[in-house]
Engineer: 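A single structure is presented below for examination.
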Protein chains: 2
Amino acid sequence: MLTVTTANVNGIRAATRKGFASWLTDTTADVVCLQEVRATEDQIPDEVLAVDGWHTLWAPAADKGRAGVAVLSRHEPTRRQVGFGSQEFDTSGRYVEIELPDVTVGSLYLPSGETGTERQDQKERFMKEFAAYLIDLKHRNSQAGREVVICGDWNIAHQEIDLKNWKTNRKNAGFLPEEREWLTHLYDEVGYVDVVRRLHGEVPGPYSWWSYRGRAFDNDAGWRIDLHVSTPGLAERADTAVVERADSHDLRWSDHAPVTVTYQH
Amino acid sequence: MLTVTTANVNGIRAATRKGFASWLTDTTADVVCLQEVRATEDQIPDEVLAVDGWHTLWAPAADKGRAGVAVLSRHEPTRRQVGFGSQEFDTSGRYVEIELPDVTVGSLYLPSGETGTERQDQKERFMKEFAAYLIDLKHRNSQAGREVVICGDWNIAHQEIDLKNWKTNRKNAGFLPEEREWLTHLYDEVGYVDVVRRLHGEVPGPYSWWSYRGRAFDNDAGWRIDLHVSTPGLAERADTAVVERADSHDLRWSDHAPVTVTYQH
DNA sequence: CTTACGAAG
DNA sequence: CTTCGTAAG
């Protein structure tokens with residue numbers, strides 16, 4: 001059995017001030033993928049940098065205070081990788097990967113983009129390069145008889161059921177037709193599986209991100225953009241998915257909620 | 001009787017979040033001089049921008065988020081003035097002045113400086129120009145039979161009794177020999193009076209500013225830099241000076257404390 | 001609305 | 001240590 005959690009912490013220093021460290025102490029997950037760490041190792045609070053019982057791999061962005069991903073694992077990884085072989089993105093704190101004995105786990109923070117800007121162009125360049133990487137990754141692991149799961153903040157809601165206000169967001173970054181089609185391609189043609197959607201059924205939610213603006217959280221005006229994207233063999237083993245929507249504002253340490261999946265065997 | 005308070009609010013927006021508005025509601029002062037407002041009128045919370053029963057004069061800096069002074073008066077001023085006729089400093093949010101029937105009140109935020117830098121040069125240029133203004137102001141008002149008081153954050157501690165750690169600050173901006181001599185000149189030669197010092201006696205304090213760094217407030221490692229500098233006739237009428245050191249951290253809305261003087265007649 | 005950086009105090 | 005502006009989300 002393997003339990004994997006993905007959580008965009010939106011600044012691990014702010015999150016730690018608000019209770020992230022005790023969440024980490026309490027979790028029963030075997031692997032935790034983090035995004036938007038927004039700190040270098042020397043800036044990360046000790047209680048989470050060298051957290052007892054975990055092997056950690058941190059990949060900060062070259063650009064201070066931005067992005068940054070990590071993977072924490074109770075078992076020692078057999079391989080560690082920062083980036084995915086991209087000239088442009090490997091120092092941008094957007095991807096790390098570890099190998100465990102029978103599964104490869106990636107932590108992804110896809111650029112959020114902003115419709116009609118240079119940042120949206122960058123997001124699309126990332127999507128193109130990363131899709132090629134995912135195709136190769138699947139082939140390599142398939143030949144080795146291994147499974148793969150890429151967890152993280154994909155910054156794309158796939159279907160109308162993946163965000164509360166889909167009608168008003170059709171022209172906004174995160175729900176653009178080309179972004180949605182990119183995920184469709186990954187699922188239907190490359191053969192990856194959106195694990196939480198499969199477990200939850202084709203009904204709205206479960207959302208994992210609520211903007212800090214307005215009353216998005218209280219109105220549950222959320223988006224499901226924190227995904228577990230796995231190879232079919234691993235997806236078959238998934239039996240539970242939980243989104244830790246902390247209903248008490250006191251328990252919230254990020255604008256995203258942790259998304260946890262348990263894989264049997 | 002005239003009660004005048006001077007208070008460096010260190011950002012009126014932050015101060016308002018921390019209780020400045022109720023301090024203003026509760027004060028019995030007739031005139032309140034503010035410094036480091038750090039906001040334009042459209043950014044100032046309504047509850048203090050158009051506070052009931054006060055005539056207000058705001059002078060923001062051209063440079064957003066910096067400096068900014070104001071005078072609030074229960075009586076309608078007979079004249080309002082922004083700046084002191086300085087090409088360099090009149091749009092820097094460092095001086096405003098109002099005339100009441102028998103007294104002129106200025107609110108001053110003197111540049112803080114930083115030893116050995118361009119900002120210290122700027123402070124000294126300000127001091128030079130402002131001293132010339134104060135000499136002229138005194139003459140003009142004296143001829144008109146009027147009194148003058150310039151309240152504000154002068155950013156200079158005059159004597160050793162005006163700051164806790166005078167020994168270690170002899171080479172730091174705010175306690176440099178040339179700055180101290182400038183005040184001495186204003187008092188001994190131009191003829192202005194340091195009202196609070198006169199009332200308090202030649203004993204340490206009362207401090208009105210404690211750095212947010214370290215434990216300055218808890219250790220009372222303060223500076224007396226928020227002054228009432230008046231003409232001798234008005235100084236004669238001063239009978240009480242109070243520094244509102246809010247001992248409960250919950251009541252503190254600035255790193256400076258309000259300094260209030262009551263003038264009789 | 002919130003994060004982090006940087007300049008200023 | 002805190003303010004604010006700024007960029008980013």
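In the text below, chain A, chain B and the rest are named by the order of the sequence lines, each starting its count at 1. Just so you know, these numbers use all the heavy atoms, side chains as well, and skip hydrogens, waters and symmetry mates.
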Engineer: Contact list please: residues 58-69 of chain A against DNA chain C, heavy atoms, distance less than 4.0 Å, in numerical order.
Structural biologist: Lys64(A), Gly65(A)
Engineer: Base, sugar-phosphate or nothing for Arg17(B)? Non-hydrogen atoms, less than 4.0 Å.
Structural biologist: sugar-phosphate
Engineer: Does Ala39(A) or Asn155(B) map to a spot on DNA chain C nearer the 5' end, using the closest nucleotide for each?
Structural biologist: Ala39(A)
Engineer: Kindly confirm or rule out a cation-pi arrangement of Arg252(B) over Phe217(B), judged by NZ or CZ under 6.0 Å from the six-membered ring centre and within 45° of its axis?
Structural biologist: yes
Engineer: State, yes or no, whether a side-chain contact exists between Val259(B) and Arg224(B) at a heavy-atom distance under 4.5 Å.
Structural biologist: no
Engineer: Whole-Å distance between dC1(C) P and Glu36(A) CD?
Structural biologist: 19 Å
Engineer: Ignoring hydrogens and angles, are the base of dG9(C) and the side chain of Arg213(B) linked by a donor-acceptor pair under 3.5 Å?
Structural biologist: yes
Engineer: Does any non-hydrogen side-chain atom of Thr260(B) lie less than 4.5 Å from one of Val4(B)?
Structural biologist: no
Engineer: What nucleic acid atoms does Tyr109(B) come within less than 4.0 Å of, heavy atoms only: base, sugar-phosphate, or nothing?
Structural biologist: sugar-phosphate
Engineer: Does atom CG (Asp46(A)) have a neighbourhood of more than 12 heavy atoms from anything else shown, all under 6.0 Å?
Structural biologist: no
Engineer: Can you confirm whether or not the ring centre of Phe126(B) sits under 6.0 Å from the ring centre of Phe84(B)?
Structural biologist: yes
Engineer: Both Ser211(A) and Gly11(A) contact DNA chain C. Which one's nearest nucleotide lies toward the 5' end?
Structural biologist: Ser211(A)
Engineer: Is Arg245(A) close enough and on-axis enough to Trp210(A), meaning under 6.0 Å and within 45°, for cation-pi?
Structural biologist: yes
Engineer: Not counting sequence neighbours, which residues clear ring-ring contact (aromatic ring centres under 6.0 Å, His included) with Phe20(B)? List them please.
Structural biologist: Trp23(B), Trp253(B)
Engineer: For Leu110(B) and dA8(C), what is the distance between atoms CG and C1' respectively, to the nearest whole Å?
Structural biologist: 16 Å
Engineer: For Glu114(B) and dA8(C), give me the distance from atom CD to atom P, rounded to whole Å.
Structural biologist: 9 Å
Engineer: Fit a plane to each ring of Trp223(A) and Phe175(A), take the angle between them on a 0 to 90° scale, and name the class: parallel (under 30°), tilted (30 to 60°) or perpendicular (over 60°).
Structural biologist: perpendicular
Engineer: Could you list where the contact with chain B starts and ends along DNA chain D, reading 5' to 3', using a 4.0 Å heavy-atom cut-off?
Structural biologist: dC1(D) to dT6(D)
Engineer: Given Watson-Crick or G-U pairs with both distances under 3.5 Å, what dot-bracket string fits DNA chain D, with | for other-strand pairs and [ ] for crossing?
Structural biologist: |||||||||
Engineer: Return the value, rounded to whole Å, for the distance between atom CG of Asp255(B) and atom C1' of dA8(C).
Structural biologist: 12 Å
Engineer: Nearest 0.5 Å, please: how far is CZ in Arg94(B) from OG in Ser86(B)?
Structural biologist: 11.5 Å
Engineer: Looking only at side-chain N and O atoms, does Arg13(A) come under 4.0 Å of OP1 or OP2 in dC5(C)?
Structural biologist: yes
Engineer: How many whole angstroms separate atom NE2 of His256(A) from atom P of dT2(C)?
Structural biologist: 14 Å
Engineer: Between atom NZ in Lys18(A) and atom C1' in dC1(C), what is the gap in whole Å?
Structural biologist: 10 Å
Engineer: Taking atom C1' of dT3(C) as reference, at what distance in whole Å does atom CH2 of Trp210(A) sit?
Structural biologist: 18 Å
Engineer: Ring centroids only, cut at 6.0 angstrom: are Phe130(A) and Phe89(A) within range, meaning strictly under it?
Structural biologist: no
Engineer: Identify every side-chain donor-acceptor pair in residues 12-19 of chain A under 3.5 Å, counting partners at least two apart or on other chains, and give the distances.
Structural biologist:
from, atom 1, to, atom 2, distance (Å)
Arg13(A), NH2, Arg38(A), O, 2.7
Thr16(A), OG1, Ile12(A), O, 2.6

Engineer: Taking atom P of dG9(C) as reference, at what distance in whole Å does atom CD of Gln120(B) sit?
Structural biologist: 11 Å
Engineer: Not counting sequence neighbours, which residues clear ring-ring contact (aromatic ring centres under 6.0 Å, His included) with Tyr187(B)? List them please.
Structural biologist: His158(B)
Engineer: Would you indicate what Gln35(B) reaches in the nucleic acid, counting non-hydrogen atoms under 4.0 angstrom: base, sugar-phosphate, or nothing?
Structural biologist: nothing
